[in-house]
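Reading through the structure tokens given below for one structure.
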Protein chains: 2
Amino acid sequence: MASIKDVAAAAGVSVATVSRVLNEHPSVSADARTRVLAAVADLGYRPNAVARSLRTDQTHTLGLVISDVLNPYFTELARSVEEEARALGYSVIIGNADERPELQDHHVRNLLDRRIDGLLVSPTDGGSPLMLDAARAGTPMVFVDRWIPGVDVPVVRADGRAAVRDLVAHLYGLGHRRLAIIAGPAATTTGSERVEAFRAALAEHGLPLPDAYTGQGDFQAESGRRVTEGFLDLPEPPEVVFAADNLMALGALDAVRARGLRVPDDIALAAFDDIPWFVHTDPPVTAIAQPTGELGRLAVRALVDRIEGRPPRSVTLPARLVARRSCGEPATPTPSLSPVQRSTS
Amino acid sequence: MASIKDVAAAAGVSVATVSRVLNEHPSVSADARTRVLAAVADLGYRPNAVARSLRTDQTHTLGLVISDVLNPYFTELARSVEEEARALGYSVIIGNADERPELQDHHVRNLLDRRIDGLLVSPTDGGSPLMLDAARAGTPMVFVDRWIPGVDVPVVRADGRAAVRDLVAHLYGLGHRRLAIIAGPAATTTGSERVEAFRAALAEHGLPLPDAYTGQGDFQAESGRRVTEGFLDLPEPPEVVFAADNLMALGALDAVRARGLRVPDDIALAAFDDIPWFVHTDPPVTAIAQPTGELGRLAVRALVDRIEGRPPRSVTLPARLVARRSCGEPATPTPSLSPVQRSTS
DNA sequence: CCTCCTCGTGGAATCGATTACACACCCGCT
DNA sequence: AGCGGGTGTGTAATCGATTCCACGAGGAGG
């Protein structure tokens, strides 16, 4: 592959001049510029980003470490992150942690070794020493969706409290009194927060949240299935199951079906995180929708602000309830076509 | 950040010795080795991958350019690619082309600039000059899922012909005679191949495939909706719609619902590419399943073989029909729980 | 005792860019 | 004529690693 030296030789100038042309430095004669550009076109020369990065100490690359790419919520987040980053002149390297802290560490280490300019993380746990060290050492970093309390890193996330309260009111209004939750890992902020919000909302209606009605999941479909089976085995099963993410809701749906039961007649179902497929399931699933694309964009902007020396801002956006048929009577007679179409908020 | 010089100084040796310790070169005394390792641990030193890549001309990175990350098929492919690559000591940078050739070119260029060791592509079109040049110039490259005819690059893909024939037989057996297809872009191999296979299978049963029953889609949900509306507007609408990918099937489902019609009573639906959600839609969707994870793994292995000097092999795996309720009577009375559970092959 | 290897080590070149610094040239002003 | 200043260009240092080559020490063999 042609290097800057080859271009310089072909154009009859020094490498410094070639570099200046390529970087649009003003003090280059028109004559030299055209000769260099001709040589570049002729040789099909492309600057070596590796060499450039070594010299400038910038890779124009962001790292994104998420918990599970197969979760449509994170897929969409990743997509919006890449789009916004591209618009700002950065590339993105995605690391999939699969909800496993050691895999998360692997990716963080790998990304740091590659000297990415900044790191976007949705932590799977309370924070590994590696990540905390990196944050302390000054690596530009922003948490997205989940965060680690007590660490001085900006957070871009959605607050689901109001939406959870709306959901509980909706359920209460439909006559449900025995409500259960499939929680996410307590080590994640989203895991614990959603349970807390749910418990608080129940309390407002004078309803308890017994231990038997709080199942421990891990944000994966299989755990949703397992927990739901436990619920159905209880002498007095809940009337509603609220899954703290979309995959566990899928598992719950499986478990209910496997028993030959029907949603919502035998048991109702709701989920945190809305996804396009929820419109098409049988029945369509009531869910709490986050402004996922917006979160991704804002997270990138905060990170790039930090990288380029501007003060980054933490952002919290609201989530909203999207009521469908999985909890009882349809909210309206017309079919719901898109996840963003209807909202009770 | 500490560099190899700092380590050398701290250990009282030269940088050459530090490098030898780090690369497990045999001729280093035990004494020097322990001093170096102590200094490394002490300083929290991590080798700079950028500098290393510049010197060794290897990045241990693969590029993966896919057409649409939001398509669950490609998400799963990306995941398996990353897993296998990690197992072989490589990282992956994913570029999402969004079915847009110019975006595909952007990513290919970006990846080549970063001097990735090899490129995995599922081309959105007949092949841009950029990609063809790269292939000709000797960049290790493997096509996955889709490919470009006439280019000397190994291909790892699934052959859906037999499964399409099974599907048509299944539909014929259920009494359907007017079958329509929502095709993918003719510029993609998967786009044209699936129509051809469908047409050939129909011919075996003496059925025609009129132009009015072949709609042109672009692998995105919206096009599935649009084409399906066209079908429904025909004086004699088809009895079955076969969508050439899962997103267009989703769009078709929307269109049918929007008219207040029911699947499969009013119109039947089948899709190429099976995904977990198809089990949970209303009704569950009959689909042709590819061995996606296996394709990803084999593609990575072929690429790494090529990179490391071994001869790469093209691979074609079979796809299989997974019959569910969206085309008529359930295949069996038991509910289908997983997309891989049942097959007619 | 001298020669020849082997082993461990360090110096320095190298990868492909960016950029500080020096310098030659030309213009205009006094 | 001489000097200051801007313009365009080249030389060389630099980023952080890897690796070729040279060299000194020490052991084995003649």
Side-chain angles (χ1 to χ4, degrees), chain A residues 1-40 43-61 89 109-117 137, chain B residues 1-40 43-61 89 109-117 137:
Chain A
M1 201 149 219
S3 84
I4 196 172
K5 266 188 209 154
D6 304 317
V7 175
V13 298
S14 73
V15 294
T17 300
V18 176
S19 175
R20 281 190 270 257
V21 171
L22 263 34
N23 293 288
E24 289 168 353
H25 187 96
S27 76
V28 179
S29 68
D31 176 53
R33 163 171 283 110
T34 55
R35 292 216 313 283
V36 167
L37 291 178
V40 165
L43 296 170
Y45 168 76
R46 296 248 81 214
N48 184 328
V50 175
R52 189 194 297 239
S53 292
L54 177 60
R55 183 61 234 255
T56 61
D57 205 30
Q58 298 181 32
T59 50
H60 278 278
T61 305
R109 198 182 337 262
N110 180 30
L111 292 166
L112 292 175
D113 285 355
R114 285 164 188 273
R115 301 301 193 264
I116 44 139
D117 293 340
Chain B
M1 203 150 218
S3 84
I4 196 172
K5 268 188 208 155
D6 304 318
V7 176
V13 297
S14 74
V15 293
T17 299
V18 176
S19 174
R20 281 189 271 256
V21 171
L22 262 34
N23 293 287
E24 289 169 351
H25 188 96
S27 76
V28 179
S29 68
D31 176 51
R33 162 170 285 109
T34 55
R35 292 216 313 281
V36 167
L37 292 178
V40 164
L43 297 170
Y45 168 77
R46 296 247 81 212
N48 183 327
V50 175
R52 191 195 297 243
S53 292
L54 177 61
R55 183 61 236 253
T56 61
D57 205 30
Q58 299 182 31
T59 50
H60 277 279
T61 304
R109 199 181 336 264
N110 180 29
L111 291 166
L112 292 175
D113 285 356
R114 288 166 184 273
R115 301 302 193 264
I116 44 137
D117 293 340

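What you see is a predicted model; the values in this text were computed from it and never measured. Lettering of chains follows the sequences in order, A, B, ..., and the numbering in each one begins at 1. Reckoned from all heavy atoms, side chains included, excluding hydrogens, waters and symmetry mates.
- Note that the CZ atom of B/Arg115 and the CZ atom of A/Arg46 stand 9.0 Å from one another [nearest 0.5 Å].
- Within the 4.0 angstrom heavy-atom criterion, base atoms lie near A/Arg55.
- If you take OG1 on A/Thr61 and CD1 on A/Ile116, they are separated by 8.5 Å, rounding to the nearest 0.5 Å.
- In the set C/dT9, D/dA13, C/dC15, C/dC15 carries the atom at the smallest distance from any side-chain atom of B/Leu54.
- Remark: P of C/dG10 and NE2 of B/His25 are 13 Å apart, rounded to the nearest angstrom.
- At whole-Å resolution of the value, CG in A/Asp6 and C1' in C/dA17 are 13 Å apart.
- One finds a side-chain N or O of A/Ser29 lying less than 4.0 angstrom from the OP1 or OP2 phosphate oxygen of D/dT9.
- Across every non-hydrogen atom of B/Asp117 and B/His60, the tightest pair is OD2-N, 2.6 Å.
- Of the possible donor and acceptor atoms, none in the side chain of B/Ser19 sits under 3.5 Å from a partner among the backbone N and O of B/Val15.
- The 5' end of DNA chain C is approached more closely, in terms of each residue's nearest nucleotide, by B/Asp31 than by the other of B/Ala51 and B/Asp31.
- Spacing between atom CE of A/Met1 and atom P of C/dG16 amounts to 11 Å, rounded to whole angstrom units.
- Taking atom CZ of residue A/Arg52 and atom C1' of nucleotide C/dC15, one finds them 16 Å apart after rounding to whole Å.
- B/Ala32 comes within contact range of the sugar-phosphate backbone alone, with a heavy-atom separation under 4.0 Å but no base atom that close.
- B/Lys5 places its NZ atom 14 Å from the P atom of D/dT18, with the value rounded to the nearest Å.
- Contacts of A/Ser27 with the nucleic acid, taken as non-hydrogen atoms under 4.0 Å apart, include base atoms.
- Put simply, CZ on B/Arg35 is 13 Å from C1' on C/dG10, counting in whole angstrom units.
- The CG-C1' distance, from A/Asp57 to C/dT18, rounds to 12 Å in whole Å.
- For the pair A/Ile4 CD1 and D/dT11 P, the interatomic distance rounds to 14 Å; values are reported in whole Å.
- The residues A/Arg35 and A/Asp31 are annotated as salt-bridged, a charged nitrogen and a carboxylate oxygen being separated by less than 4.0 angstrom.
- Using a 4.0 Å cut-off on heavy atoms, the residues of residues 9-23 of chain A that approach DNA chain C are A/Ala16, A/Ser19, A/Asn23, listed by number.
- Between the side chains of B/Arg52 and B/Asn48, not a single donor N or O lies within less than 3.5 Å of an accepting N or O.
- Atom CG of A/Asn23 has more than 12 neighbouring heavy atoms from other residues, nucleotides or ligands inside a 6.0 Å radius.
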